[in-house]
Amino acid sequence: MKYIKQFGIILGISFIGELCKNVIPIAIPASIYGLVLMLLILKLGILKLEQVKETANFLIEIMPIMFIPAAVGLLESWGILKGIWFPMIVTTVITTIIVIAVTGRITQFIIRSRKKGTHADIS
Amino acid sequence: MQTFLSHSLFFGVVISLIGYEIGLFLKKRFKKSYLNPLLISIVFVIGCLLLLDVPYDNYYEGAKYISYLLTPATVCLAVSLYEQLELLKAHKKAIILGIGSGVLASLLSVFLFALLFHLSHEEYVTLLPKSITTAIGMVISEELGGISNITVAVIIMTGVLGNMIAEGVCKVFHIEEPIAKGLAIGTAAHAIGTTKAMELGEVEGAMSSLSIAVAGLLTVILAPLFAHLI
């Protein structure tokens, strides 16, 4: 019974996300509305973590396989990619490395400089 | 046999799962970071389809039921985020500046490569939302005059690539703080990267989940400004 209720709550929130997407005319997907809504009702205590936890962890664990069908679909996209595959692959690879490096280094720099700052305050 | 496989509802899901299990097994057995379970499963499924002569549309008829769970699973990322809420509050500034600079770095570097390769406006805006989640990215691409099908392909490639190289790139650039790692992976490689971040740890997973939403929304705001440049 536990899992039916948990899955029901998660699908219910997904449904409300879908509804938001339909009503609000901006480019935000149902999943993002749902994520924010779920976080909000957990934070407000309307929903207890125990009421969704196991099913949520299960869905997160199997999440990688949900991307397989779309990625296999790249096979079908070859026709439209043929003309621009070289600049596209180079851009994709290098910009991905740049974004990881920039985001990670800047975040780490701020976190660590603050840590040093608090140490200095204490001493 | 071939017609049976083409019309089976379970064949697509089963080969996807087998492919992923093979990937997990190989990764465990040989402990090499380039043995990425997601990539291996994709290659395995493509191989099966070509070998058994099953068209993609037929495969998708069955496999779409795994993709169906994508929205509920993304909603559930809120659970891991909720569990790290205190950490999130404590590092608000670092998180906002980190994701913000990542989004700018993404848009700016795509712009520079577009100049380098003399891409047309259409090709440029097609690549512009490449680091964010598919559902947002394809709409941005369409609105700015790009080709949304190609955008989807590029977003998925970015995600799979990010999933593969994130750990290595973090190591090379000495990114060691779990918060920094998570934000970097989520900002660069959206939900597909996040599945990798989840493997690395709870904090990494939560921060990566947060980045999907924040980087997506920032790109909605910033991409139109960059679109006019070419």
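Sequence lines set the chain letters: A, B, ... in the order given, protein chains first and strands last, and positions in each chain run from 1.
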(request) Could you tell me which of A:L59, A:I98, A:I94 has the largest number of non-hydrogen atom pairs under 4.5 Å with chain B? (result) A:L59
(request) Please report the shortest heavy-atom distance between B:L127 and A:M88, naming the atom on each side. (result) CD2-CG, 3.5 Å
(message) I need the A:M66 CE to B:L38 CG distance, nearest 0.5 Å.
(response) 12.5 Å
(request) Count the heavy-atom pairs under 4.5 Å between each of A:L47, A:L11, A:V36, A:I111 and chain B, then report the option with the highest count. (result) A:I111
(request) Pick one of side chain, backbone, both or neither for B:L81, based on which atoms fall under 4.5 Å of a heavy atom in chain A. (result) both
(message) If you compare all heavy atoms of B:A73 against all heavy atoms of A:I60, which two are closest, and at what distance to 0.1 Å?
(response) O-CG1, 4.3 Å
(message) Counting neighbours of CD on B:E202 that are heavy atoms of other residues, nucleotides or ligands and sit closer than 6.0 Å, is the number greater than 12?
(response) no
(request) Sort A:L74 into side chain, backbone, both or neither according to what part of it lies under 4.5 angstrom from a heavy atom of chain B. (result) side chain
(message) Could you tell me if the side chain of A:I84 sits less than 4.5 Å from the side chain of B:I150, heavy atoms only?
(response) yes
(request) Report the C-alpha separation of A:V99 and B:V103 in whole Å, then their side-chain angles, then the decisive distance to 0.1 Å, and conclude whether the side-chain contact (heavy atoms from CB on, under 4.5 Å) test is met. (result) CA-CA 7 Å; A:V99 178; B:V103 169; over 6 Å; no
(request) Output yes when a side-chain donor or acceptor of A:R105 lies under 3.5 Å from a complementary backbone atom of B:I175, and no otherwise. (result) no
(request) Give the member of B:I185, B:I156, B:I95, B:V220 that has the highest number of heavy-atom pairs under 4.5 Å with chain A. (result) B:I156
(message) Given heavy-atom pairs under 4.5 angstrom as the criterion, report whether the side chain, backbone, both or neither of B:A189 touches chain A.
(response) neither
(message) Let me confirm one number: the OG1-CZ distance from B:T195 to A:F67, rounded to the nearest 0.5 Å.
(response) 6.5 Å
(request) Heavy-atom distances under 4.5 Å only: say whether B:L217 touches chain A with side chain, backbone, both or neither. (result) side chain
(message) Quick one, B:M157 and A:I89 - any side-chain contact, counting heavy atoms below 4.5 Å?
(response) yes
(request) Give the member of B:A63, B:P72, B:A105 that has the highest number of heavy-atom pairs under 4.5 Å with chain A. (result) B:P72
(message) What I'd like to find out is whether the side chain of B:Y20 reaches to under 4.5 Å of the side chain of A:P64, using heavy atoms alone.
(response) yes
(message) Please identify, among A:I65, A:T55, A:L75, the residue contributing the most non-hydrogen atom pairs under 4.5 Å to chain B.
(response) A:I65
(request) Decide yes or no for A:M63 and B:T74: does some side-chain heavy atom of the first lie under 4.5 Å from some side-chain heavy atom of the second? (result) yes
(message) Quick check on B:A114 against chain A: is it the side chain, the backbone, both or neither that has a heavy atom closer than 4.5 Å?
(response) neither
(message) Minimum heavy-atom separation for A:P29 and B:I136, please, with both atom names.
(response) CD-CG1, 3.0 Å
(message) Return the SG to CD distance between B:C76 and A:Q6, rounded to the nearest 0.5 Å.
(response) 9.5 Å
(message) Looking at every non-hydrogen atom in both residues, tell me the closest pair between A:T103 and B:G98 and how far apart they are.
(response) CG2-O, 3.3 Å
(message) When you compare the side chains of B:K130 and A:T92, does any donor N or O come within less than 3.5 Å of an acceptor on the partner?
(response) no
(message) Please classify the contact of B:L116 with chain A as side chain, backbone, both or neither, using a heavy-atom distance under 4.5 Å.
(response) neither
(request) Please determine, among A:I106, A:I13, A:V52, the option with the most heavy-atom pairs under 4.5 Å with chain B. (result) A:I106
(request) With the side chain counted from C-beta on, respond yes when A:L49 and B:V79 share a heavy-atom pair under 4.5 Å apart, and no when they do not. (result) yes
(message) Please classify the contact between B:Y82 and chain A as side chain, backbone, both or neither, with a heavy-atom cut-off of under 4.5 Å.
(response) both
(message) Distance check, rounded to the nearest 0.5 Å: B:I165 atom CD1 versus A:I97 atom CD1?
(response) 4.5 Å
(message) Using heavy-atom distances under 4.5 Å, tell me whether A:I100 contacts chain B through its side chain, its backbone, both, or neither.
(response) both
(request) Indicate yes or no for a side-chain donor-acceptor contact from A:Q108 to the backbone of B:E176 under 3.5 Å, with no hydrogens or angles considered. (result) yes
(request) Write down the atom of B:V75, the atom of A:S31, and the distance for their closest heavy-atom approach. (result) CG2-O, 3.9 Å
(message) With chain A as the partner, which of B:L112, B:N163, B:T158 has the greatest number of non-hydrogen pairs under 4.5 Å?
(response) B:T158
(message) Under 4.5 Å from any heavy atom of chain A, what part of B:I96 do you find: side chain, backbone, both or neither?
(response) neither
(request) Look at A:I10, A:V72, A:L40, A:N57 and state which one has the largest set of heavy-atom pairs under 4.5 Å with chain B. (result) A:V72
(request) Can you measure from CZ (A:F7) to CG (B:L69) and round to the nearest 0.5 angstrom? (result) 5.5 Å
(message) With rounding to the nearest 0.5 angstrom, report the CD1 to NZ distance, A:I110 to B:K92.
(response) 14.0 Å
(request) Let me know if B:L119 has heavy atoms under 4.5 Å from chain A in its side chain, its backbone, both or neither. (result) side chain
(request) Determine the minimum heavy-atom distance between A:T96 and B:G162, stating which atoms define it. (result) CG2-CA, 4.2 Å
(request) Taking the side chain as every heavy atom from C-beta outward, state whether A:L39 and B:L85 have any pair of such atoms under 4.5 Å apart. (result) yes
(request) Answer with side chain, backbone, both or neither: which region of B:L183 has an atom nearer than 4.5 Å to a non-hydrogen atom of chain A? (result) both
(message) Is the shortest side-chain heavy-atom distance between A:E61 and B:E199 below 4.5 Å?
(response) no
(message) Can a donor-acceptor pair be found, under 3.5 Å and without considering hydrogens, that links the side chain of B:Y56 to the backbone of A:P69?
(response) yes
(request) Show your reasoning for whether side-chain contact (heavy atoms from CB on, under 4.5 Å) applies to A:T107 and B:I179. (result) CA-CA 8 Å; A:T107 312; B:I179 298 178; 4.2 Å; yes
(message) Please rank B:I66, B:V152, B:V13, B:T134 by heavy-atom pairs under 4.5 Å with chain A and give me the top one.
(response) B:I66
(message) Can you tell me which of A:T91, A:V93, A:I28 forms the most heavy-atom pairs within a distance under 4.5 Å of chain B?
(response) A:T91
(message) Contact between B:F117 and A:V90 at the side-chain level, heavy atoms closer than 4.5 Å - yes or no?
(response) yes
(request) Tell me, out of B:A94, B:G12, B:A135, who's got the most heavy-atom pairs with chain A below 4.5 Å. (result) B:A94
(message) Looking only at heavy atoms and a cut-off of under 4.5 Å, which of B:T71, B:I99, B:V45 has the most pairs with chain A?
(response) B:T71
(message) So for B:Y65, is it side chain, backbone, both, or neither that comes closer than 4.5 Å to the heavy atoms of chain A?
(response) neither
